[in-house]
Structure formats: C-alpha cells, structure tokens
Amino acid sequence: MKILKKDGSVEEVSFEEALGKQAFWHTSAHILAQAVKRLWPDTLCAIGPAIAEGFYYDFSFSFDFSAEYFGEIEAEMKKIVRENLQLRHYTLSREKALALMEEKGEPYKAELIRDLPEEEELSFYQQGNYVELCAGPHVAYTSAVKALRLLSTAGAYWRGDEKKPMLTRIYGISFPSRGMLDEYLAKLEEAKKRDHRKLGRELSLFMLSDEGPGFPFFLPKGMILKNLLIDYWRKLHTREGYLEISTPMLLNRELWETSGHWEHYRENMYTTVIDGTDFAIKPMNCPGGMLVYKAAPHSYRELPLRIGELGLVHRHEKSGTLHGLMRARCFTQDDAHIFMTPEQIPREIKGVIRLIDELYSIFGFQYHVELSTRPENSIGSDQDWELATDGLKSALEDLSLPYIINEGDGAFYGPKIDFHLKDSIGRTWQCGTIQLDFQLPQRFEAEYTGPDGEKHRPIMIHRVIFGSIERFIGILIEHFAGKFPLWLSPVQIKILPISDKFTDYAKSVEKTLKQEGFRCELDARAEKIGYKIREARTERVPYLLILGEKEAESGHVSVRKRDEGDLGSMPLAQLTGLLHTENAQFTL
C-alpha cells in the first residue's frame with residue numbers, strides 16, 4: 001500500500017503497521033467528507049481524524065441528520081473509491097489558505113487556520129475536487145479502500161468546548177479487503193453481546209442511575225467480585241513488602257497547588273469551599289501519599305519504601321464520554337508509591353513490571369507496552385526528564401520487553417510505561433501504569449538521610465496495576481462474557497432440588513459447601529427443574545447441582561458444569577475436592 005507523506009514522498013507501508021492504518025483511515029475520513037459534500041453541498045466540514053479503530057468526521061448539517069442517511073453516504077463513498085482518485089499534496093501561504101476556506105464557505109476550517117501557529121506554508125491534500133487542510137499522511141489512491149461501513153453518529157461540541165456549536169460526528173471503519181471488514185463487524189456483534197453494562201444489569205453486579213451520572217452503584221454480587229479482586233491485590237502486595245495506607249478524599253487548595261494539579265488538572269477536579277478555604281476532592285492519590293511520607297524522617301536504610309492505597313478518586317468527565325464502568329466520574333485506584341534512591345530505580349521498575357505480569361497472567365491477558373514521553377505542559381528540568389525516561393527504557397530493555405514509544409503522552413510530572421491488555425476478542429484496554437517522578441518529591445521537599453549523613457531527595461514511582469478497579473471489572477465482564485472463572489464467580493454453585501421433598505437434603509448440601517468456603521445459592525422455589533436450570537445458566541453459574549430422590553438416598557450430587565455439561569453423579573466430598581483443586585491455582 002503506497003502512502004503519500006507531507007513532504008510529497010511516497011512510501012510502501014503495510015496496513016498492519018501503525019502508519020498504514022493511520023493513513024488508510026485518515027483517507028477514509030476524507031472520502032466520507034467528500035461524499036457528504038457531494039450529497040449536501042451546504043454542509044460545513046470541521047475535522048476528520050483517524051482514531052484507534054477507524055475514523056470519524058464532524059459536520060454541521062442544515063437538517064436533522066440521523067443514521068438513516070448512512071446508506072446514501074456509503075453508496076457515494078464507494079463511488080469515490082471506484083473513481084480511483086489520486087491524492088495530491090501541496091502547500092499554501094496562510095493568507096491564501098484562509099482565502100480558499102472562506103471562498104469555499106468553510107468557517108470551521110478558517111478558524112483552525114487562524115489559530116494555527118505562524119507558519120509560512122500550510123499543508124493541504126486534494127482528491128478530485130475535494131480539498132482538505134491536513135498534515136497527512138494518506139494513501140496514494142482512493143481505490144485502496146476496498147471495504148467500508150459507517151457505524152454510528154453522535155453529537156460533538158466543536159473543539160470539545162461546551163460553549164461552542166454542537167456538530168454531528170459520524171464514525172466509520174474501512175479495510176483493504178471485504179473479509180477484514182466482515183471479521184471486524186462480527187467482532188462488533190460479539191462485543192455487543194458482551195457489553196458490561198448489559199451483563200452487569202443481567203447478572204445483578206452493578207447499576208447506573210440518572211441520580212448519579214458517572215457514579216456507579218455496586219450491588220451485592222458486584223461487591224463480592226470487587227472484594228475478591230481487592231483481597232487478591234492485598235495478598236499480592238503484602239507478599240511484595242508494600243504497606244497500605246488511606247488518605248483523605250478532600251484536601252485543600254494549597255496541597256493541589258504544590259502538587260501542580262490545581263494548575264494542570266483543575267478543570268477535571270470537583271471543588272468546594274470550607275471555612276473560607278478552597279478544597280478539592282482528590283482526583284489522584286499521590287499528593288496524599290507525599291504527605292504520609294513527609295510525616296516522619298527517613299533514612300536510606302528504609303528505602304525503597306513501598307506504600308499502597310486503594311483510594312476512591314473523583315474526576316469530572318464530560319457527560320458525552322461516560323461509559324458504564326469504563327469511563328466513570330469516581331473509581332478506586334489501586335495506587336502505590338515507591339520512594340527510593342537513584343540507584344534503586346532499575347530494580348524497582350523491574351519489580352513492578354514482574355508484579356503486573358503476574359497479576360495479568362492470572363486472568364489470561366496478553367498485553368503490549370507503550371512508553372509515553374514528555375508532554376507539552378510538563379514541569380521539571382530537561383535533565384530530570386532525560387534521566388526518568390532513560391530509567392524506564394533501561395528497565396524495559398533489561399527485561400527484553402518490546403515497547404512502542406508514544407511521543408508526548410506522559411504525565412505532566414514524568415514519563416510513564418502503560419500496559420495495554422488484549423481481551424478474548426482482540427480488543428485492547430489501557431490498565432497498568434508505571435510513572436517515574438522526579439518532580440513531586442522536589443515540589444513537596446521530600447527528603448531522606450543518606451549514608452553520608454546529608455539530606456537527599458528521593459525518587460518516586462507512581463504505579464497502578466488494575467488502574468481503576470471498577471474499569472477492570474468492566475473489562476473482566478466483557479473478557480469472560482460474564483462467565484467468570486470459579487474463584488472469581490460471585491455465585492460458584494447453584495443447588496437445584498427437583499421438588500420441595502428434597503429441600504432438606506439440599507439445605508444440608510448447602511451447609512457443607514459453605515463450611516468448605518464456597519459461595520452457593522439454594523433455589524428452593526416451587527418451579528419446574530427445567531426452568532431453574534435455564535435461569536441458572538442465564539446467570540452463568542459455574543456449577544449446578546441437581547438433587548432428586550436418587551441423590552438424597554445415596555448422599556451424592558448430580559453435577560453440571562458450565563460449558564462442559566453433565567459430569568454425572570458423585571459423592572459430595574469428591575465434588576468439594578474437585579472445586580478446591582480448581583480454585584488452588586489462584587491461591588497465593
């Protein structure tokens with residue numbers, strides 16, 4: 001596939017490469033815009049980038065647009081593809097570029113040009129009679145787009161500003177072959193079946209309410225699942241020498257000014273006034289962790305000091321971005337902060353990476369790693385950033401762990417390593433993070449006494465493994481399609497007596513299983529056994545025990561295992577042994 005770059009050069013790139021996908025989907029966004037302009041010439045064009053999967057374009061229509069128009073647009077897009085239009089790159093002066101967009105009646109493009117930094121030349125791409133202000137890259141010909149589909153439409157404020165006009169955003173996907181599109185659409189259908197919001201409601205795990213948009217409610221079964229993850233986290237961190245703390249949810253403005261959050265993160269924080277002083281609900285746990293560290297003097301002999309916190313944080317997310325547990329306004333971060341000497345950096349980073357790898361492997365996740373570097377709004381010296389970035393690179397390379405560099409996407413106080421999980425249907429989710437921070441210890445004037453008797457500044461690692469426990473639960477729901485492994489299932493065993501004559505025996509089975517530490521439920525309703533079985537399957541319970549006259553007389557249980565079917569009749573002791581063995585692989 002030939003890619004046309006901004007400098008006019010053409011490069012052969014595979015669609016599987018990041019650059020190939022970016023160029024392919026960026027061109028598809030231009031094809032979408034060209035098709036819309038052909039169908040409705042008075043439509044105003046805003047922006048249309050490639051995104052992680054596919055592309056979108058924002059328009060201002062002169063009528064009420066809906067998905068019912070997708071068929072017309074797709075037909076016109078396919079026509080543009082068949083025309084095999086060549087993409088051509090050229091530049092214009094700022095004045096000529098502005099004049100061109102004003103002549104074409106494109107006020108959003110004109111605004112972008114006015115707000116761009118002063119440059120002599122601006123980049124444009126053209127296909128046929130369609131011209132787009134764009135930095136590229138693009139495929140060389142529209143015919144490369146062999147298969148496409150428009151997926152959805154949504155409202156989007158111009159430039160993400162709620163005070164600016166609401167535009168219509170159209171999302172789409174495209175591929176170099178029809179087979180790839182069919183495979184992707186099948187994955188989308190599977191993802192709909194696994195939607196954690198749907199399954200969370202059906203399995204009585206959590207609920208969402210209009211009274212608290214972005215603030216999920218966990219139900220009893222969901223709390224079992226959440227607490228199982230927290231218990232596992234605690235055991236793992238106790239083994240690794242972490243000390244657990246809890247810091248206040250509400251802290252004053254002075255703290256957030258010291259940390260830099262008031263300047264760099266203020267728009268995402270919830271604030272209030274207490275006794276005439278500004279306070280903020282914590283969006284992150286790290287400043288509170290700094291206060292804990294500073295509360296006592298420290299010696300180099302104590303370092304590394306590993307401090308963990310399961311802190312409930314709140315962040316103001318725009319309403320349009322909220323998505324169940326995946327994007328919420330409050331969530332539990334499994335934070336830890338490691339204070340150390342410069343010499344301890346490589347060992348501690350490697351230790352965190354190994355810990356993350358161990359935890360993810362429990363759930364069967366594969367992952368890839370990205371190293372995010374210094375952003376534009378960073379704080380700190382060039383030297384500190386170079387040392388921090390090199391420290392992260394060195395740890396990854398020493399472990400022979402491949403990584404992608406994500407330029408400019410670090411935190412404002414330091415570079416970071418992000419772990420992107422791959423789920424059972426091939427989607428990726430960013431969860432674990434390791435951030436190396438020289439800045440907060442300086443801003444908070446944190447110290448330790450070195451072997452020379454002098455005061456020194458510690459280095460700090462911020463790290464999460466789950467990231468957000470709530471979001472991780474959402475990922476697990478979709479990864480397992482609600483069919484959790486035995487150790488993680490809120491209800492592990494459902495006991496189903498055939499009739500009320502066998503309720504007493506069912507209760508004795510239930511008592512024994514609970515004494516053995518298993519989570520079980522007895523369904524003693526006066527319903528037919530077929531109905532009870534179907535309902536228990538819908539609840540995705542791992543084991544069903546069918547109890548009738550034969551079982552009651554023999555002291556056996558008839559066992560059905562989820563996805564495997566009938567295991568036959570067996571003594572209860574044999575079943576408990578089987579269950580303990582299945583659980584043992586997840587015991588620390």
Side-chain angles (χ1 to χ4, degrees), residues 21-83 85 87 101 104-109 111-112 125-136 138-139 142 144-162 164-176 178 180-182 184-185 187-189 191-192 195 318-323 327:
K21 283 188 171 71
Q22 180 191 0
F24 194 91
W25 287 333
H26 202 165
T27 304
S28 300
H30 283 206
I31 293 171
L32 167 58
Q34 185 177 13
V36 167
K37 290 293 284 188
R38 282 185 178 184
L39 292 168
W40 303 286
D42 61 344
T43 301
L44 305 180
C45 294
I47 58 170
I51 52 178
E53 283 195 348
F55 57 92
Y56 72 75
Y57 210 107
D58 290 346
F59 300 99
S60 176
F61 289 97
S62 60
F63 57 93
D64 290 334
F65 185 85
S66 69
E68 66 185 36
Y69 294 101
F70 281 0
E72 288 181 68
I73 300 174
E74 285 180 4
E76 194 64 36
M77 291 176 73
K78 291 173 183 176
K79 182 179 175 184
I80 292 167
V81 168
R82 290 193 299 271
E83 290 171 10
L85 301 176
L87 278 88
M101 290 299 107
K104 288 181 171 291
E106 296 287 2
Y108 295 108
K109 301 291 186 188
E111 181 180 326
L112 289 174
Y125 281 82
Q126 181 170 355
Q127 59 199 44
N129 63 354
Y130 180 76
V131 177
E132 179 78 78
L133 171 71
C134 180
H138 288 277
V139 298
T142 59
V145 182
K146 304 295 185 187
L148 58 88
R149 178 69 58 86
L150 299 182
L151 300 173
S152 62
T153 182
Y157 289 107
W158 168 232
R159 305 183 88 167
D161 188 339
E162 295 176 2
K164 293 188 175 180
M166 174 69 78
L167 304 177
T168 299
R169 178 168 295 177
I170 300 175
Y171 289 93
I173 191 72
S174 59
F175 291 98
R178 177 72 200 188
M180 293 174 76
L181 175 62
D182 290 342
Y184 179 83
L185 294 176
K187 187 175 81 170
L188 279 188
E189 284 304 309
K192 287 179 184 177
D195 189 319
K318 290 188 169 94
S319 59
T321 66
L322 298 177
H323 183 72
R327 194 71 177 265

Worksheet item: Is the backbone of Arg169 close enough, under 3.5 Å, to the side chain of Thr153 for a donor and an acceptor to pair up by distance?
Response: yes
Worksheet item: What closest approach, in Å, do Ala50 and Trp25 show between heavy atoms, and which atom pair accounts for it?
Response: CB-CB, 3.8 Å
Worksheet item: Between CZ of Phe55 and OG of Ser28, what distance do you get to the nearest 0.5 Å?
Response: 5.0 Å
Item to complete: Please report the C-alpha distance between Asn129 and Gln34 in whole Å, then the side-chain angles of each, then the deciding distance to 0.1 Å, and finally whether the side chain to side chain contact (heavy atoms under 4.5 Å, CB included) criterion is met.
Response: CA-CA 9 Å; Asn129 63 354; Gln34 185 177 13; 3.7 Å; yes
Worksheet item: Under 3.5 Å, side chain of Lys109 to main-chain N/O of Leu133, donor-acceptor pair present?
Response: no
Worksheet item: If we only count heavy atoms from C-beta on, is the Ile80 to Arg38 side-chain gap below 4.5 Å?
Response: yes
Item to complete: Heavy atoms only: give me the nearest Leu112-Ala46 pair and the separation to one decimal.
Response: CD1-O, 4.4 Å
Worksheet entry | side chain to side chain contact (heavy atoms under 4.5 Å, CB included) evaluation trace for Arg178 with Lys146 | CA-CA 7 Å; Arg178 177 72 200 188; Lys146 304 295 185 187; over 6 Å; no
Worksheet item: Does the side chain of Tyr184 reach to within under 4.5 Å of the side chain of Leu151, using non-hydrogen atoms?
Response: yes
Practice prompt. Go through the structure and list residues passing ring-ring contact (aromatic ring centres under 6.0 Å, His included) with Phe59, not counting sequence neighbours.
Written response: Tyr57, Phe61
Worksheet entry | Closest non-hydrogen atom pair between Gly48 and Ala29, with its separation | O-CB, 3.3 Å
Worksheet entry | Carboxylate-amine/guanidinium contact Lys21 Glu53, below 4.0 Å | no
Worksheet item: If you measure from CG on Asp195 to NZ on Lys192, what distance do you get to the nearest 0.5 Å?
Response: 10.0 Å
Practice prompt. May I ask you to decide if Leu150's main-chain N or O and Glu74's side chain share a donor-acceptor pair within less than 3.5 Å?
Written response: yes
Worksheet item: Quick one: are Val36 and Glu76 in side-chain contact, heavy atoms under 4.5 Å?
Response: no
Worksheet item: Given side chains that start at C-beta, do those of Leu167 and Ile47 come closer than 4.5 Å, heavy atoms only?
Response: no
Worksheet item: Can you find a pair of side-chain heavy atoms, one from Met77 and one from Arg149, that are under 4.5 Å apart?
Response: no
Discussion item. If you compare all heavy atoms of Cys45 against all heavy atoms of Ala33, which two are closest, and at what distance to 0.1 Å?
Written reply: SG-CB, 4.4 Å
Discussion item. Could you measure the distance from the CZ atom of Phe70 to the CZ atom of Phe65? Nearest 0.5 Å is fine.
Written reply: 5.5 Å
Worksheet entry | His30/His138 under side chain to side chain contact (heavy atoms under 4.5 Å, CB included): CA gap, chis, key distance, verdict | CA-CA 9 Å; His30 283 206; His138 288 277; 3.3 Å; yes
Worksheet, complete the sentence: Applying side chain to side chain contact (heavy atoms under 4.5 Å, CB included) to Pro165 and not counting sequence neighbours gives Tyr108, Trp158
Discussion item. Give me the atom names and distance for the closest heavy-atom approach of Phe175 to Leu181.
Written reply: CD1-CA, 3.5 Å
Practice prompt. Would you indicate whether the side-chain heavy atoms of His26 and Cys134 approach each other to under 4.5 Å?
Written response: yes
Worksheet item: Should the pair Glu106-Lys37 be classified as a salt bridge under the 4.0 Å nitrogen-to-oxygen rule?
Response: yes
Worksheet item: Can you name the closest pair of heavy atoms from Leu44 and Gly105 and give their distance?
Response: CD2-O, 3.2 Å
Discussion item. So Ile173 and Leu188, do their side chains get closer than 4.5 Å, heavy atoms only?
Written reply: no
Practice prompt. Check each of Lys78, Gln127, Lys79 against Ile31 using the side chain to side chain contact (heavy atoms under 4.5 Å, CB included) test, and report the only one that passes.
Written response: Gln127
Worksheet item: Would you say Ser60 and Thr43 make side-chain contact, with heavy atoms under 4.5 Å?
Response: no
Worksheet item: Do Trp40 and Tyr69 make the cut of ring centroids closer than 6.0 angstrom?
Response: yes
